[in-house]
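Have a look at the structure below, then the notes.
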Amino acid sequence: MTISAAIFGKEAYGVGQRPDERRHPHAVYHNPSLAIMNVTMKLLMVAGARPNFMKVAPLLKAAEDYNSARNNGAPNLECRLVHTGQHYDAQMSSVFFRELGIPEPDINLEVGSETHAIQTANVMLKFETVCTDYKPDWVGVVGDVNSTMACTLVAAKCGIRVAHVEAGLRSFDRTMPEEINRIVTDAVADLLLTPSSDADENLKKEGIPAGRIRLVGNVMIDSVMANLPQSRESLILGTLGVAEKKFAYVTLHRPSNVDNQANLSAIMAELCNLSNTLPVVFPMHPRTRKMLTAFHIDGASSPRFQIIDPVGYHDSLCLAEKARLVLTDSGGLQEETTFFQTPCLTLRPNTERPVTITLGSNRLTDLNRLHSDLAEGLNATSRRGKIPPLWDGRAGERCLTAMLEAYAS
Ligand code: UD1
């Protein structure tokens, strides 16, 4: 029997069983590495920005399931959540906590927006105190935002083990701030939990020993699957007056697209043109809204080109599932559209998520090709692509199992 079976009462790689359906409730007594561990493993999870929240939710749920199904003799798990406050607007943060059922964070560092250096430094200064006070056994970080890298550096220097969820993704484009965050985080973290086998390959090529890498699947998809009932109840299509498969869903916020006046003008002109044929729904990230104003670009909404405030998680999933096509520069939407098999155009020269192209429904585009790619997308009437292996709703559980196994060894 593996440790995962002893912990959850089943193999973490199996399907269709919940932890309360354990077949071997006393198996842990027969596992020598766990039987001696009548102790508490302290896990400090970190979330900072919008795309982090749907990644921590499955781990928090797995921790809760573990504790309620835990056998006597297996280590107790104490899980705490730190919100760095990198994102703080209700529509960028609290709506996700509410919809994903994430408990109030135990600590909010309230760092807010700043330059990269100041934001990173502020997270580090405040997170160090949390680490020295709480003394966790593990710090769990997710994704690739500034908070991810900042907390990893602090924990590693405090001698605390770090698990990176969504490790190994590489765009090979160091002009992206997230790429720097990924490289630094993976170089320092102890346990690299990867969403797809390309990530394992990237890490091995960087000289990271195989023993630090675990292919666990995609935690984003855990959250998608857990929230499908609610997203399918969303009223957003009716509210916006658009019909299933008869609109484009757009999200753009990367500095390379929105911080450059000529690029942002060209994108908005192209979307305006598209809206003559297919209604466009564009929930706008605060960064993009700020840049539209700064560049005096027309950001007025119309019934066929609706520029709206950022939407919550369930509405966003509903839009991603029901759109004719998605245009984005978000990592998360590349994965969600792959899961829904909705045609997706990613307005970037590269992606750190190549499996969304090789298997999924995603294609890269650029400003020169955008017009023809959108025109082609108008003809996309059917779903396309396949769902990658281990994008099955059980990745959070596998992450936790990997941490518990490393703790026991
Ligand atoms: C950050 C992440 C990016 C992720 C994105 C998702 C980094 C380097 N970037 O980019 O990887 O894809 O989050 O949204 O960590 N703002 C608000 N309210 C908020 C948060 C931000 O108005 O709640 C505005 C501020 O003007 C801020 C700007 O948005 O200056 C950018 O926010 P910031 O967290 O610096 O980066 P993002 O562009 O959101």
Side-chain angles (χ1 to χ4, degrees), residues 46-56 82-98 100 105 108-124 127 141-153 164-167 169-171 173-186 220 223 250-260 263-264 282-295 299 307-313 316 320 326-336 346-348 350-353 356:
V46 175
R50 181 169 66 172
N52 289 167
F53 305 134
M54 47 294 256
K55 295 171 194 167
V56 296
V82 174
H83 188 335
T84 66
Q86 179 173 340
H87 283 175
Y88 43 85
D89 284 349
Q91 278 305 100
M92 299 295 286
S93 178
S94 49
V95 65
F96 290 88
F97 276 71
R98 196 169 59 246
L100 286 155
N108 192 325
L109 305 181
E110 295 180 344
V111 297
S113 300
E114 264 299 351
T115 64
H116 285 271
I118 296 175
Q119 189 176 61
T120 305
N122 283 341
V123 174
M124 290 181 73
F127 190 64
V141 295
V142 299
D144 56 15
V145 302
N146 286 344
S147 303
T148 310
M149 180 189 69
C151 294
T152 300
L153 285 176
H164 181 207
V165 177
E166 202 186 77
L169 298 184
R170 296 288 181 272
S171 65
D173 175 1
R174 291 198 182 194
T175 64
M176 283 182 82
E178 294 82 1
E179 183 74 353
I180 308 295
N181 294 339
R182 293 180 199 118
I183 292 167
V184 173
T185 301
D186 287 340
M220 284 288 280
S223 280
V250 177
T251 79
L252 296 165
H253 72 281
R254 298 267 167 211
S256 55
N257 284 325
V258 308
D259 286 8
N260 174 299
N263 289 356
L264 189 55
F282 188 171
M284 197 167 271
H285 188 287
R287 175 182 206 111
T288 313
R289 178 83 73 181
K290 199 165 84 176
M291 299 320 291
L292 275 187
T293 308
F295 296 145
I307 300 174
I308 58 177
D309 285 340
V311 291
Y313 185 56
S316 181
V326 169
L327 175 70
T328 192
D329 56 14
S330 140
L333 264 166
Q334 293 173 55
E335 298 179 333
E336 289 160 356
T346 295
L347 187 53
R348 282 179 44 190
N350 47 56
T351 177
E352 61 289 333
R353 293 161 163 88
T356 62

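All ligand and atom numbering here is 1-based and tracks the order in the structure.
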Point to revise | Arg353 and its side-chain contact (heavy atoms from CB on, under 4.5 Å) partner, picked from Met220, Glu335, Arg170 | key: Glu335

Review point. Among Thr346, Asn350, Thr351, which residue meets the side chain to side chain donor-acceptor pair (under 3.5 Å) test with Arg348?
Key: Asn350

For [atom], what's the nearest protein heavy atom and its distance?
atom: atom 8 (C) of ligand 1; answer: Asn146 OD1, 3.2 Å
atom: atom 13 (O) of ligand 1; answer: His87 CE1, 3.2 Å
atom: atom 5 (C) of ligand 1; answer: His253 NE2, 3.6 Å
atom: atom 19 (C) of ligand 1; answer: Tyr88 CZ, 3.5 Å
atom: atom 35 (O) of ligand 1; answer: Gln119 NE2, 4.0 Å
atom: atom 6 (C) of ligand 1; answer: Pro51 CD, 3.5 Å

Can a donor-acceptor pair be found, under 3.5 Å and without considering hydrogens, that links the side chain of [X] to the backbone of [Y]?
X: Thr288; Y: Val258; answer: no
X: Asn52; Y: Ala49; answer: yes
X: Thr185; Y: Arg182; answer: no

Review point. For residues Gln91 and Asp309, is any side-chain donor paired with an opposing acceptor at under 3.5 Å?
Key: no

Minimum distance, heavy atoms only, to [atom]: which one of [options] is it?
atom: atom 18 (N) of ligand 1; options: Val258, Asp89, Val145; result: Asp89
atom: atom 36 (O) of ligand 1; options: Glu179, Arg289, Arg287; result: Arg287
atom: atom 27 (C) of ligand 1; options: Ala150, Ser113, Pro310; result: Ser113

Revision key, fill the gap. For Thr148 and Val142, the nearest pair of non-hydrogen atoms, with its separation, is OG1-O, 2.8 Å

Exercise for review: Answer side chain, backbone, both or neither: which part of Met92 comes under 4.0 Å from ligand 1, heavy atoms only.
Suggested key: side chain

**Study point:** Sole residue of Phe97, Phe127, Phe96 in ring pair (Phe, Tyr, Trp, His ring centres under 6.0 Å) with His83
**Key:** Phe97

Review point. Do His164 and Asp186 have side chains that get closer than 4.5 Å, going by heavy atoms?
Key: yes

Practice item. Could you tell me whether the side chain of Met176 reaches within less than 4.5 Å of the side chain of Asp144, counting heavy atoms only? Key: no

Are any of the N/O atoms on [X], whether in the backbone or the side chain, positioned under 3.5 angstrom from an N/O atom of ligand 1?
X: Lys290; answer: yes
X: His285; answer: yes
X: Glu178; answer: yes

Exercise for review: Heavy-atom contacts with Pro286 under 4.0 Å: which atoms of ligand 1 show up? List them by number with element.
Suggested key: 16 (N), 17 (C), 18 (N), 22 (O), 24 (C)

Exercise for review: Work out whether the distance between some heavy atom of Glu114 and some atom of ligand 1 is less than 4.0 Å.
Suggested key: no

